[in-house]
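In what follows, chains carry the letters A, B, and so on, assigned in the order in which the sequence lines appear, proteins first and then strands, with residues in each chain numbered from 1.
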Amino acid sequence: MDILQNLGTGFAVSVTPLNLLFCLFGCLIGTLIGVLPGIGPIATIAMLLPVTFSLSPLGALIMLAGIYYGAQYGGSTTAVLVNLPGESSSVVTCIEGYRMAQRGRAGSALAVAAVGSFFAGCVGTVLIAAFAPILAKFAEEFRSPEYFSLMVFGLVAAVVLAHGSVIKAVAMIVLGLLIGLVGTDTQSGVARFTFGIPELYDGVDFVPVAMGLFGFAEIMGNLDRHGDQPRSTAKIATLWPTRAEIRRAIPAVLRGTAIGSFLGILPGGGAVLASFAAYTMEKKVSRFRNEFGTGAIEGVAGPESANNAGAQTSFIPLLTLGIPSTPVMALMMGAMTIQGIAPGTAIITERPELFWGMITSMWVGNLMLVIINLPLIGIWVSLLKVPYRILFPCILVFCCVGAYSINNSTFLIMMMAGFAVLGYAFAKLACEGAPFLLGFVLGPLMEENLRRSMVLSFGDPTIFLQRPISLCILLLALGIVALIVIPQFRETREEAFQE
Amino acid sequence: MIRVKHPQDFWAGILFLVVGGLAVWFGRVYQFGTATKMGPGYMPTVLSWIMVLLGLFLAGRGLLESGPGIERSLIRPQVFIIGAIVIFGLLIERVGLAPAVVVATIVASLASKEMRWKETLILAVGLAILCAVLFVKLLGQPLNIFAWGA
């Protein structure tokens with residue numbers, strides 16, 4: 001295996017001073033938004049996309065990736081110390097983490113979370129390095145029918161793994177696909193649903209959609225629910241866990257990493273699902289089950305390792321197949337497209353320095369994050385004192401300036417306002433934004449691959465069943481659908497999302 | 001008299017129904033084509049009809065099965081947040097980046113009932129300087145910081 005050589009190529013480009021700086025910058029922002037409740041990685045990456053236009057492709061990707069996994073580290077801080085999830089993937093960490101803080105073990109919980117995350121991050125990085133090239137090689141055989149089936153699989157998984165109503169998730173995907181089709185049809189040159197607006201000829205721009213649906217809808221929702229509440233922060237006595245705590249945490253970290261790595265690869269999975277699944281599992285298999293609810297360290301170690309492992313491995317489908325599996329990956333795909341890189345099997349062979357540089361930077365970033373998070377924890381805690389009434393105007397202004405700077409168009413700002421209203425309505429009607437964004441990104445790709453497949457087969461739709469790989473993928477999708485029908489799984493799914 | 005038992009489902013259904021219906025209407029002019037040679041209207045039409053059907057199903061279910069109501073909604077955040085975005089869009093080309101940021105920050109801050117004038121003014125000026133430095137000086141975006149009468 002020339003994996004070492006590949007990693008060497010990667011380190012050669014990722015540890016240049018400038019790229020280290022981008023990595024540090026991404027990790028710092030990630031930790032910051034991870035710590036702050038009310039702003040997540042989706043809104044942040046959307047907000048920073050316009051800023052990356054002028055960076056080098058590698059620098060841009062390193063920074064954006066850093067934001068995503070950095071947020072997984074930062075989220076645990078708020079969860080443990082304030083009993084508020086700084087990030088949706090840290091929701092379960094509140095349960096045991098805050099109880100530990102009440103018993104005076106806050107420092108230990110944070111240390112275990114950070115070190116567990118670091119371990120999981122390392123494993124995730126190695127997994128990408130080991131499996132991505134194999135998967136990409138395998139995917140070189142893929143033609144349009146395989147890609148179409150793969151996208152169907154991805155969307156089906158996104159529906160099953162999303163919370164809430166299945167019908168609504170399907171409708172959101174269809175709406176996303178439809179809006180993704182706006183713009184000039186590549187084959188016939190017909191402008192579809194553009195209403196004569198020149199900004200729509202190239203399709204609905206991705207950045208204002210993501211900002212409107214996730215950033216602004218979130219702000220309005222937060223302002224509806226509560227203003228600023230006084231937050232009491234738990235004190236940290238020592239960062240060192242006891243020997244007994246370490247002994248209990250290690251198996252939980254290992255289990256969390258395994259489950260997180262696996263769920264991260266699945267479409268629709270990602271960090272959030274990984275942490276929920278890890279918590280549920282720890283509650284079932286831990287020898288200290290009876291301590292759950294009173295501050296069991298396993299309940300922190302497992303989910304926190306899982307969310308970071310999931311955050312890392314969710315890059316695999318995007319980097320190897322060119323198919324985003326979560327909204328954050330959809331944004332990463334947007335960033336690549338903006339930089340003129342077509343995500344897919346060709347990245348590894350044609351742009352090895354980009355692929356390996358990004359992977360090695362993830363490892364470097366994880367190392368930075370342990371340092372950023374543990375010794376500097378005091379700084380992050382003090383940031384929690386920034387009231388929301390200051391925070392949200394900043395987010396709003398950055399989104400507006402960013403959206404405008406895409407191509408100096410007032411129309412994009414107005415469209416963003418429109419999507420903000422729509423996103424707010426969706427939130428009130430309990431419709432998830434994530435399936436919409438995936439559909440939106442995949443819309444044009446799906447249409448293109450469907451058309452090509454149909455040309456290949458002279459209009460015979462059974463082509464998707466005749467090709468073995470395509471058939472396998474579709475059967476897998478069917479298997480996932482069967483899961484919802486099985487009542488037992490359905491109950492676990494609802495239970496998992498209720499906690 | 002029909003009663004809405006599940007407002008979330010019902011109104012989500014209506015929303016999808018309306019959007020799907022509009023898409024069917026505006027999409028009818030695009031050529032549908034055949035399965036072998038799909039026209040520009042093929043996917044949009046199919047998707048629009050699926051959406052209409054899903055919308056009907058959801059709205060219908062909202063009338064039959066009961067469920068949670070829609071979370072309360074305040075007028076103030078919506079008006080000022082959307083207002084701030086729109087005002088920014090209207091101002092940016094007329095007065096330049098810095099004044100547009102100041103106005104947008106102030107309008108946005110009004111969305112929170114805890115807004116304090118002194119704090120907001122400092123924030124607005126600070127953000128204007130930050131955006132000017134970051135976007136114009138560092139990133140080299142072709143934006144005018146001030147554009148009086150331009």
Side-chain angles (χ1 to χ4, degrees), chain A residues 51 53-54 165 167-168 170-171 174-175 177-178 181 185 187-188 190 192-193 195 216 219-220 223-225 227-228 387-390 392-394 396-402 404-405 408 410 413-414 416-417 420-421 424-426 428-431 443 446-447 450-451 454-455 458-461, chain B residues 8-9 11-12 15-16 19 23 26-27 30-31 34-40 43-44 47-48 50-51 54-55 57-58 70-74 76-78 81-82 84-86 88-90 92-93 97 101 104-105 108-109 111-115 119-120 123 127 131 134-135 139-143:
Chain A
V51 177
F53 289 169
S54 49
S165 155
I167 302 288
K168 280 183 191 167
V170 175
V174 174
L175 182 60
L177 290 169
L178 201 57
L181 293 180
D185 172 32
Q187 291 196 357
S188 61
V190 174
R192 294 184 287 190
F193 303 110
F195 306 104
F216 290 113
I219 292 179
M220 289 188 280
L223 288 172
D224 264 2
R225 273 187 289 279
D228 284 309
Y388 197 64
R389 64 171 191 273
I390 303 250
F392 80 83
C394 299
L396 181 133
V397 164
F398 274 115
C399 285
C400 285
V401 179
Y404 181 74
S405 69
N408 289 8
T410 306
I413 304 276
M414 300 304 167
M416 184 167 76
V421 176
Y424 179 76
F426 284 149
K428 289 289 163 191
L429 298 172
C431 295
M446 271 188 107
E447 186 186 33
L450 177 64
R451 276 174 165 175
M454 284 315 184
V455 171
F458 302 102
D460 178 8
Chain B
Q8 284 182 352
D9 270 13
W11 291 109
L15 183 68
F16 290 123
V19 179
F26 286 109
Y30 309 125
Q31 201 188 4
T34 60
T36 318
K37 206 173 170 344
M38 290 182 185
M43 275 281 269
L47 290 174
S48 313
I50 295 178
M51 230 169 77
L54 288 172
F57 178 82
L58 268 175
I70 296 171
E71 208 185 335
R72 89 199 158 100
S73 210
L74 304 175
R76 182 169 172 163
Q78 271 66 269
I81 294 290
I82 300 298
I85 306 173
V86 171
F88 179 87
L90 293 176
I92 179 90
E93 271 163 19
L97 178 67
V101 166
T105 312
S109 298
S112 167
K113 55 181 185 295
E114 281 130 30
M115 182 263 200
E119 194 181 78
T120 301
L123 181 70
L127 276 176
C131 286
L134 181 68
F135 284 94
L139 296 168
Q141 297 283 352
L143 300 172

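- Relative ring orientation between A:Phe195 and B:Phe26 is described as perpendicular, the plane-to-plane angle rising above 60° on a 0-90° scale split at 30° and 60°.
- Using modelled atom types, one side-chain atom of A:Arg192 and one backbone atom of B:Pro40 make a donor-acceptor pair closer than 3.5 Å.
- For the set B:Ala108, B:Ala84, B:Cys131, the count of heavy-atom pairs under 4.5 angstrom toward chain A peaks at B:Ala108.
- For A:Val401, the parts lying under 4.5 angstrom from a heavy atom of chain B are both the backbone and the side chain.
- Ranked by heavy-atom pairs under 4.5 Å with chain A, the list B:Ile92, B:Leu143, B:Leu15 is led by B:Ile92.
- Looking at B:Ile81, the atoms closer than 4.5 Å to chain A (heavy atoms on both sides) sit in the backbone and in the side chain alike.
- The pair B:Arg76-A:Asp224 does not count as a salt bridge, with every side-chain nitrogen at least 4.0 angstrom from each carboxylate oxygen.
- Interface remark: A:Ser188 contributes side-chain atoms only to the contact with chain B (heavy atom separation under 4.5 Å).
- Interface remark: A:Leu181 contributes side-chain atoms only to the contact with chain B (heavy atom separation under 4.5 Å).
- Proximity to chain A (any heavy atom under 4.5 Å) is restricted, for B:Leu97, to the side chain, taken from C-beta onward.
- A distance-only check finds a donor-acceptor pair linking the side chain of A:Arg451 to the backbone of B:Gly39 [under 3.5 Å].
- With a 4.5 angstrom heavy-atom cutoff, A:Tyr404 touches chain B only via side-chain atoms.
- Note on B:Glu119, B:Met115, B:Lys37: by heavy-atom pairs under 4.5 Å with chain A, the leading option is B:Glu119.
- Only the side chain of B:Leu127 comes within contact range of chain A, judged by heavy atoms closer than 4.5 Å.
- Side chains of B:Ile85 and A:Met416 form a contact here, defined as non-hydrogen atoms less than 4.5 Å apart.
- Heavy atoms of A:Ile219 lying under 4.5 Å from chain B belong exclusively to its side chain.
- For A:Leu177, the parts sitting under 4.5 Å from any heavy atom of chain B are the backbone and the side chain alike.
- Side-chain atoms of B:Ser112 do not come within 3.5 Å of backbone N or O of B:Ser109 as any donor-acceptor pair.
- Both the backbone and the side chain of B:Ser48 come within contact range of chain A, each with at least one heavy atom under 4.5 Å from a heavy atom of that chain.
- Interface residue A:Val397: only side-chain heavy atoms are found under 4.5 Å from chain B.
- A heavy-atom distance below 4.5 Å is found between the side chains of B:Gln8 and A:Lys168.
- Residue B:Val19 touches chain A through its side chain alone, counting heavy-atom pairs closer than 4.5 Å.
- No donor-acceptor pair under 3.5 Å is formed between the side chain of A:Tyr388 and the backbone N or O of A:Leu223.
- Using a 4.5 Å cut-off between heavy atoms, A:Cys431 contacts chain B through its side chain alone, with no backbone atom that close.
- Between the CG atom in B:Asp9 and the CG atom in B:Leu58 there is a gap of 5.5 Å [rounded to 0.5 Å].
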